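Sequence lines set the chain letters: A, B, ... in the order given, protein chains first and strands last, and positions in each chain run from 1. No experiment lies behind these values; they were computed from the predicted model shown.
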Protein chains: 2
Amino acid sequence: MSKMDRRIQKSRQAIMDAFMKLMSEQDFENITINQIAEEANVNRGTVYLHFADKYDLRDQCTDAHMNELIRNCMPEEKGQLTSKAALLRTFEYLQRHASFYSIMLTSRGNPIFRNRMEAVLQQSVSEHLDSIGLDRTLYKDITVQFLVSAGVGLLEWWITRSMPYPASVMVEQFWRLLERVQLQVPDEGHKKVWE
Amino acid sequence: MSKMDRRIQKSRQAIMDAFMKLMSEQDFENITINQIAEEANVNRGTVYLHFADKYDLRDQCTDAHMNELIRNCMPEEKGQLTSKAALLRTFEYLQRHASFYSIMLTSRGNPIFRNRMEAVLQQSVSEHLDSIGLDRTLYKDITVQFLVSAGVGLLEWWITRSMPYPASVMVEQFWRLLERVQLQVPDEGHKKVWE
DNA sequence: CACCATTTGTTGATTTATCAACTAATGCGT
DNA sequence: ACGCATTAGTTGATAAATCAACAAATGGTG
């Protein structure tokens, strides 16, 4: 994965960077391969050498960023998003790369980000639930989807609204909500929060 | 010249940029080809594909910048450095690219910049003297060398002292000195300035 | 609708960059 | 002076990028 010919890395990066730049300037559908190649200073054919078309480029671009996110925020094996530290890293990472994620999230009509993000969290949350043992009255798949939707939705909300709160506040609030559904060991004692 | 394969332009540029970066950090003699290749993100062999060795790289780097200077400051054919406008463009250009020129000028022991600059001005000044007709009592070659040394020396002085005056002041002062040796038509009337 | 320009993909021949492997040279410390 | 490690160049096989030329699709304008 990391032992590729230098040229393909450079070309891919140049093309992706060019694509992102164009995405920040105009609507996705209006972007042409010619523009991308020109902006990337790459022959048009080279684009097709790496990407099937615009859409494939958009998807791979998303995936690349998503992998970076995982690599940076959840260095532990089996991407654990279930510690406060990891959560904070993630929010801060998104904040640093807001230029990308806000573009990807605000371009209406492609739920790619949401889908990929959900897929990533699906596994992470599922494994976590296995490890802590779930209340017998709760269906696992339903609980997973509930938590994943909540998490991704919260992230999207935060990004698309230009991060109205600092990452630390978001993590704190999110953590409290997780405690309420009793899927985390409470920080302090075992007092029931909804009595 | 400008219709080359994209790859060679990119490679040459990357290598030259890397070289300049290293020049700003350490002494020329201590720079290795390995460092250059690594900094440029290029295979070591690629360096040798474009440059014979360190010294060739240093020279070509100088020439490239020099050609850029000429192209930007003296767009007229036969590089005329004999108008106030061209002079101002030149000083301002040097100011913009001070990062390069101050490095090249302060690296002791290689008069490459001075030599190339003089060569460029030699021709320019020589042609100018032909066009305005020289005082019979003055030898042309001597006059040329006098003016060229003065000009280049002034440039070096300005750059190496971190441009203590704005470009406009330098041009104004330089122009007045040129007037004093009566190789320029005075801006205002024909009054003798040294009477 | 028809026209025209642009874009889209594809192809094959060519050039360039990459990599690994090698020898020679240089330098550095013991 | 002797090893020992790094650097300097070189080489040949391979992979990638370039370019030009192509046919097909698209999209706006009269």
Peer 1: How many whole angstroms separate atom CZ of Phe51(A) from atom C1' of dT10(C)?
Peer 2: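 Whole-Å distance recorded here is 18 Å.
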
Peer 1: Nearest whole angstrom, please: distance from the C1' of dT6(C) to the NZ of Lys54(A).
Peer 2: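 So the two atoms are 14 Å apart, to the nearest Å.
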
Peer 1: Could you list, one pair per line, each protein nitrogen or oxygen that sits under 3.5 Å from a nitrogen or oxygen of nucleotides 21-29 of chain D, together with the distance?
Peer 2:
none

Peer 1: Would you indicate, yes or no, if dA16(D) has its OP1 or OP2 atom less than 4.0 angstrom from a side-chain nitrogen or oxygen of His50(A)?
Peer 2: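 No, outside the criterion.
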
Peer 1: With ring-ring contact (aromatic ring centres under 6.0 Å, His included) as the criterion, how do Phe146(A) and Tyr139(A) come out once you've worked through the C-alpha distance, each side chain's angles and the decisive distance to 0.1 Å?
Peer 2: CA-CA 11 Å; Phe146(A) 172 84; Tyr139(A) 288 13; over 10 Å; no

Peer 1: Could you run down the sub-3.5 Å N/O contacts of the protein with nucleotides 12-14 of chain C?
Peer 2:
none

Peer 1: Is there a donor-acceptor pair under 3.5 Å between the side chain of Trp158(B) and the backbone N or O of Ala167(B)?
Peer 2: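 Side chain of Trp158(B) to backbone of Ala167(B): no pair is present.
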
Peer 1: Counting side-chain heavy atoms from CB outward, which of dT18(C), dA17(C), dT18(D) is closest to Asp5(A)?
Peer 2: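 In terms of side-chain proximity for Asp5(A), the closest of dT18(C), dA17(C), dT18(D) is dT18(C).
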
Peer 1: Tell me whether Arg176(A) at atom CZ has more than 12 heavy atoms from other residues, nucleotides or ligands lying less than 6.0 Å away.
Peer 2: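 Open: at most 12 neighbouring heavy atoms sit under 6.0 Å from CZ of Arg176(A).
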
Peer 1: CD of Gln9(A) versus C1' of dA17(D): gap in Å, rounded?
Peer 2: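 These atoms are roughly 15 Å apart.
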
Peer 1: By the 4.0 Å heavy-atom rule, please label Asn43(B) as base, sugar-phosphate, or nothing.
Peer 2: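 Here Asn43(B) touches the bases of the nucleic acid.
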
Peer 1: Under 4.0 Å, heavy atom to any atom of DNA chain C: which of residues 10-20 of chain B qualify?
Peer 2: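 Output list: Ser11(B).
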
Peer 1: Decide yes or no for Met170(A) and Trp157(A): does some side-chain heavy atom of the first lie under 4.5 Å from some side-chain heavy atom of the second?
Peer 2: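 A side-chain contact under 4.5 Å exists here.
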
Peer 1: Could you please name the option among dT18(C), dG9(C), dT7(C) that lies closest to any side-chain atom of Val42(B)?
Peer 2: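 For Val42(B), the side-chain atoms sit closest to dT18(C).
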
Peer 1: Scan for salt bridge (Lys or Arg N to Asp or Glu O under 4.0 Å) pairs involving residues 138-158 of chain A, sequence neighbours excluded, and state none if there are none.
Peer 2: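 Found Arg114(A)-Glu156(A), Asp130(A)-Lys140(A).
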
Peer 1: Want to settle it: does Leu49(B) or Thr32(A) sit nearer the 5' end of DNA chain C, counting the closest nucleotide to each?
Peer 2: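 Comparing both residues, the 5'-ward one is Thr32(A).
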
Peer 1: Give the ring-plane orientation class for Tyr101(A) versus His97(A), where under 30° counts as parallel, over 60° as perpendicular and anything between as tilted.
Peer 2: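 If you compare the ring of Tyr101(A) with that of His97(A), the planes turn out perpendicular.
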
Peer 1: Side-chain contact test, heavy atoms from C-beta onward, threshold under 4.5 Å: evaluate it for Leu147(A) versus Leu178(A) and give yes or no.
Peer 2: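 Sidechains of Leu178(A) and Leu147(A): in contact.
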
Peer 1: Looking at CD1 of Ile36(B) and OG1 of Thr32(B), how far apart are the two atoms once the value is rounded to the nearest 0.5 Å?
Peer 2: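 Atom-to-atom, Ile36(B):CD1 and Thr32(B):OG1 are 6.5 Å apart.
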
Peer 1: Quickly, which of His65(B), Glu68(B), Met23(B) forms a side chain to side chain contact (heavy atoms under 4.5 Å, CB included) with Phe100(B)? Name it, please.
Peer 2: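 When side chain to side chain contact (heavy atoms under 4.5 Å, CB included) is applied between Phe100(B) and each of His65(B), Glu68(B), Met23(B), only His65(B) qualifies.
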
Peer 1: Report for the helix from dC1(C)-dG30(D) to dC28(C)-dG3(D): angle between first-end and last-end helix axes, five pairs each, rounded to 10 degrees.
Peer 2: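 Axis-to-axis angle, ends of the helix: 50°.
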
Peer 1: At under 4.0 Å, does any side-chain N or O of Arg6(B) touch on OP1 or OP2 of dA17(D)?
Peer 2: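 No, no such contact exists.
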
Peer 1: Partners of Lys54(A) by salt bridge (Lys or Arg N to Asp or Glu O under 4.0 Å), sequence neighbours excluded?
Peer 2: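 Once residues adjacent in sequence are excluded, the partners of Lys54(A) under the salt bridge (Lys or Arg N to Asp or Glu O under 4.0 Å) criterion are Glu29(A).
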
Peer 1: Rounded to whole Å, please give me the gap between CG in Leu22(B) and P in dT7(D).
Peer 2: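 Answer to the nearest Å: 13 Å.
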
Peer 1: Evaluate the side-chain proximity of Leu94(B) to Leu69(B): yes if any heavy-atom separation is below 4.5 Å, no if none is.
Peer 2: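 Yes, side chains in contact.
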
Peer 1: Got Glu38(B) and Arg44(B) here, is their nearest side-chain heavy-atom distance under 4.5 Å?
Peer 2: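 No, every pair of side-chain atoms sits at 4.5 Å or beyond.
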
Peer 1: Separation of Asn30(B) atom CG from dT26(C) atom P, in whole Å?
Peer 2: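 In whole Å, dT26(C) P and Asn30(B) CG are 17 Å from each other.
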
Peer 1: Any chance the side chains of Gln145(B) and Ser149(B) put a donor and an acceptor closer than 3.5 Å?
Peer 2: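 Side chains of Gln145(B) and Ser149(B): pair found under 3.5 Å.
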
Peer 1: Measure CG/Leu57(A) against C1'/dT8(C) and give the value in whole Å, please.
Peer 2: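 In whole Å, dT8(C) C1' lies 15 Å from Leu57(A) CG.
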
Peer 1: Measure CD1/Ile8(A) against C1'/dT18(D) and give the value in whole Å, please.
Peer 2: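 Rounded to whole Å, this separation is 17 Å.
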
Peer 1: In this structure, how many angstroms lie between the P atom of dT18(D) and the OH atom of Tyr48(A), rounded?
Peer 2: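 From Tyr48(A) OH to dT18(D) P: 15 Å.
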
Peer 1: Between Arg89(B) and Asn72(B), is there a side-chain donor-acceptor contact under 3.5 Å, judged purely by atom types and distance?
Peer 2: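 No pair is found: no donor N or O on one side chain lies under 3.5 Å from an acceptor on the other.
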
